[in-house]
**Student:** 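First, the structure itself, so that you have it in front of you.
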Amino acid sequence: MVLAKQLGTNPRQLAEKIIAAIPESELVKKIELAGPGFINFFMAPAAYHEVIHAIIKQGDNYGYSETGKGKKILLEYVSANPTGPLHVGHGRGAAYGATLATLLETVGYQVDREYYVNDAGRQMDILATSIWLRYLDLCGEKLTFPTNGYQGDYIWDVAATLHRDNKTAYQHSTDTVFQAVPDDEPAGGDKEKHIDGLIANAKKLLGAEIYRKVLDTGLDAILGDIRKDLQEFGVIYDEWFRERSLVDSGALKHGIERLKKTGHTFEKAGALWFRSTDFGDEKDRVLIRENGAPTYFASDIAYHVNKLERGYDQLIDIWGADHHGYVPRVKAVLAALGEATEKLDVALVQFAVLYQNGKKMQMSTRSGEFVTLRELRHEVGNDAARFFYVMRKSEQHMDFDLDLAKSQSNENPVYYIQYAHARICSVFRQLKEKQFSFDIKQNNLDFNLLSEDHERDLMVTLSKYPELIENAALNHDPHHVGHYLRDLANDFHTYYNAHTFITDDAKIRDARLALISTVRQVIKNGLSILGVSAPESM
RNA sequence: GCGCCCGUAGCUCAGCUGGAUAGAGUAACCGGCUUCGAACCGGUUGGUCGGGAGUUCGAAUCUCUCCGGGCGCGCCA
């Protein structure tokens, strides 16, 4: 139909010519012209049998390909600020990134997984100060906690550790701590100026060394918690890249220098700027502030330069959708450096909007109001959480009903798929109990006996798996895998209810057992990509 | 105000590189267990694909515009 236009003929006539030109094949029973110009191929049964042989032969590797062979990808994901525990919003990026990484490996890419740790900058100062103020409270000081401080309970935990290990060694009177600090918002002041004043006093009173110790106590505790959380969620990393290391290694300076050499930087009002508008950004961006401190953007430039210099063919960043406005300026950096901007692919993951008791929940690390990823995992289990997250297209806004997730976990299609797997395992257990035996490797299996419609449907679905994986990987769309597995499980359950596998006819029995064992294999392979277990019973 | 993302069945979502009567789950109703696990299966009901215009032989899919929702527009990160 596409060609017809170019050839100036109508689609049906062209289709007839094409059909006439197609050579005969044993695998094709007949070819038909249909509708506005479709060509339908009716396959001979033997064509479907190929897939069973392929799955038996390839086993765990069925679905693998070498499309990306020799190509290296760096995938950076989650990278949440280490200022508090991961919440359910981060879980989506974690599940998406982990699944995408596995998918890309499945189609042959070499993938390195990386977490960028923002352990420098103002957020860290606010964290350290928040901890110290809670510590002072534990020392018996009476004080009003700043509006802009981190108010979560985990801050108390860190403060308690600090107090236990150091007693009152870092105590200062509330008067001196709040000396010359501008009023907080509730008192009619500016909350930003208020917290900045407290930070300045903390640094002055504690001295650089102790201040750093307070900060690191918090950073280590929180980052350690994040690592453990992700690990338990089956989300792994090859590298935890520290923002601080950019300064220590000179990479920050190096990144700025490289950008300077392109001639797209300039100085204005005592600051160093990047003329990102040369490359389509909305406005120019500051690299080095008037006070000499580099911006977060400067660090990020250095980080991306570093990534590029490590020799990757492709960089993938997974960010929360709230950072979408940041994409043009990072792309502008690549353009300025003469790199192809397509080399960096930023995947924006939309927020999960949480509902509890039918009401929308607002989450904020700062205010301490959030549902943690850990709570969710403990409530619904890792498998259900992983599957639920990755069932939705990443750029789709997602409604997450916590009550539903907790109370009726059977709503999650993951159980439907796992059940199919467990059911097949159960059939093989039954087989043993009934004193039958089955060897998948026997060479006298006769798949011509698989003549039922349900069996053909199953074989067709199974044969689509490798192509599905390829598409899901290359389009960065892991959600296709979940939907496919649901369809496969549905084909199986339908088959199961319609026919008996363990029959007295050994030939039919063996053929059917071979078929369902390939179904089990594909379910296992697919769930494995999603980071979900394939239980033998449930 | 400008920019990006989203809008498909009562609800939660697929389908979007243009193709045949728009699909699942769930909810509602009907039916199926003496037989390999009923956490299952079959069926019925349910849709102006947000509205409008355009391109095309053909539009949920591409373009424009409007409406509705989310997010972003710092010498914060």
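Sequence lines set the chain letters: A, B, ... in the order given, protein chains first and strands last, and positions in each chain run from 1. No hydrogens, no waters, no symmetry mates; every other heavy atom, side chains included, goes into these values.
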**Student:** Please, which pairs that meet salt bridge (Lys or Arg N to Asp or Glu O under 4.0 Å) have at least one residue in residues 76-92 of chain A, sequence neighbours excluded?
**Tutor:**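 Those involving residues 76-92 of chain A are A:Glu76-A:Lys307.
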**Student:** Counting only heavy atoms from other residues, nucleotides and ligands, does the tally under 6.0 Å from CG of A:Asp505 exceed 12?
**Tutor:**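 Enclosed: over 12 neighbouring heavy atoms sit under 6.0 Å from CG of A:Asp505.
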**Student:** Under the 3.5 Å rule, do the base of B:A20 and the side chain of A:Asn40 count as making a donor-acceptor pair?
**Tutor:**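 Flag set: donor-acceptor pair detected.
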**Student:** Can you tell me how far P in B:C41 sits from the matching atom in B:A24, rounded to whole Å?
**Tutor:**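 Their P atoms lie roughly 13 Å apart.
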**Student:** Using only side-chain N and O atoms of A:Arg289, determine if any of them is under 4.0 Å from OP1 or OP2 of B:C76.
**Tutor:**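 Affirmative; the distance criterion is met.
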**Student:** Please report the distance separating the P of B:G51 from the corresponding atom of B:A60, rounded so that it comes out in whole Å.
**Tutor:**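 Comparing P positions in B:G51 and B:A60 gives a spacing of 11 Å.
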**Student:** Would you check if there is a donor-acceptor pair between the side chains of A:Asp225 and A:Tyr154 at a distance under 3.5 Å?
**Tutor:**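 No, no side-chain donor-acceptor pair sits under 3.5 Å.
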**Student:** Only pairs with both distances under 3.5 Å count, Watson-Crick or wobble alike; so what is the partner of B:C75 in this structure?
**Tutor:**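 Paired with B:C75, as far as the under-3.5 Å criterion goes, is no nucleotide at all.
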**Student:** With A:Phe501, which residues qualify under ring pair (Phe, Tyr, Trp, His ring centres under 6.0 Å), at least two apart?
**Tutor:**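 For A:Phe501, the residues satisfying ring pair (Phe, Tyr, Trp, His ring centres under 6.0 Å) (neighbours in sequence not counted) are A:Tyr495, A:Tyr496.
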**Student:** Do we see a donor-acceptor contact under 3.5 Å between the side chains of A:His493 and A:Arg423?
**Tutor:**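 A pair is found: one side chain offers a donor N or O, the other an acceptor, under 3.5 Å apart.
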**Student:** Identify all side-chain donor-acceptor contacts of residues 470-485 of chain A below 3.5 Å with residues at least two apart in sequence or on another chain.
**Tutor:**
{"unit_1": "A:Glu470", "atom_1": "OE1", "unit_2": "A:Ser65", "atom_2": "OG", "d": "3.2"}
{"unit_1": "A:Glu470", "atom_1": "OE1", "unit_2": "A:Thr67", "atom_2": "OG1", "d": "2.9"}
{"unit_1": "A:Glu470", "atom_1": "OE2", "unit_2": "A:Thr67", "atom_2": "OG1", "d": "2.7"}
{"unit_1": "A:Asn475", "atom_1": "ND2", "unit_2": "A:Asn471", "atom_2": "O", "d": "3.2"}
{"unit_1": "A:His483", "atom_1": "NE2", "unit_2": "A:Met391", "atom_2": "O", "d": "3.2"}
{"unit_1": "A:Tyr484", "atom_1": "OH", "unit_2": "A:Thr461", "atom_2": "O", "d": "2.7"}

**Student:** Please list, for nucleotides 15-18 of chain B, all pairs of protein and nucleotide N/O atoms separated by less than 3.5 Å.
**Tutor:**
{"unit_1": "B:G15", "atom_1": "OP1", "unit_2": "A:His479", "atom_2": "NE2", "d": "2.8"}
{"unit_1": "B:C16", "atom_1": "N4", "unit_2": "A:Lys393", "atom_2": "NZ", "d": "2.7"}

**Student:** Write down the distance between CG (A:Asn81) and P (B:A77), rounded to a whole number of angstrom.
**Tutor:**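 It is 10 Å, rounded to the nearest whole Å.
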**Student:** Has A:Phe38 got its ring stacked on the base of B:A20, with centres under 5.5 Å and planes less than 30° apart?
**Tutor:**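 Here A:Phe38 meets both the 5.5 Å and the 30° conditions.
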**Student:** With distance as the sole criterion, is a donor-acceptor pair present between the side chains of A:Tyr416 and A:Asn490 under 3.5 Å?
**Tutor:**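 Note: A:Tyr416 and A:Asn490 side chains meet the donor-acceptor criterion.
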**Student:** Quick one: do the A:Tyr303 and A:Glu114 side chains pair a donor with an acceptor below 3.5 Å?
**Tutor:**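 The answer is yes; a qualifying pair exists.
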**Student:** List every contact pair, protein side and nucleotides 42-47 of chain B side both N or O, where the distance is under 3.5 Å.
**Tutor:**
{"unit_1": "B:G42", "atom_1": "OP1", "unit_2": "A:Thr494", "atom_2": "OG1", "d": "3.2"}

**Student:** Polar pairs (N or O, both sides) under 3.5 Å between protein and nucleotides 72-74 of chain B?
**Tutor:**
{"unit_1": "B:C73", "atom_1": "O3'", "unit_2": "A:Lys283", "atom_2": "NZ", "d": "3.1"}
{"unit_1": "B:C73", "atom_1": "O2'", "unit_2": "A:Lys283", "atom_2": "NZ", "d": "3.3"}
{"unit_1": "B:G74", "atom_1": "OP2", "unit_2": "A:Lys283", "atom_2": "NZ", "d": "3.2"}

**Student:** May I ask you to check whether A:Asn148 and A:Glu192 show a side-chain donor-acceptor distance below 3.5 Å?
**Tutor:**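 Yes, because at least one side-chain N or O of A:Asn148 sits under 3.5 Å from a partner of the opposite role on A:Glu192.
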**Student:** I'd like the C1' distance from B:A20 over to B:G15, given in whole Å.
**Tutor:**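 Those two atoms are separated by 15 Å.
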**Student:** Would one find a side-chain N or O of A:Arg423 under 4.0 angstrom from OP1 or OP2 of B:A38?
**Tutor:**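 For B:A38, OP1/OP2 do have a side-chain N/O of A:Arg423 under 4.0 Å.
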**Student:** Taking all non-hydrogen atoms of both residues into account, name the closest pair between A:Val286 and A:Thr295 and its distance.
**Tutor:**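 Taking every non-hydrogen atom into account, O-OG1, 3.0 Å.
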**Student:** Between A:Asp119 and A:Glu243, what is the shortest heavy-atom contact and its length?
**Tutor:**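 Nearest heavy atoms, A:Asp119 then A:Glu243: OD1-N, 3.2 Å.
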**Student:** Establish, with yes or no, whether the OP1 or OP2 oxygen of B:C6 is under 4.0 angstrom from a side-chain nitrogen or oxygen of A:Gln350.
**Tutor:**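 No, A:Gln350 has no side-chain N/O under 4.0 Å of OP1/OP2 on B:C6.
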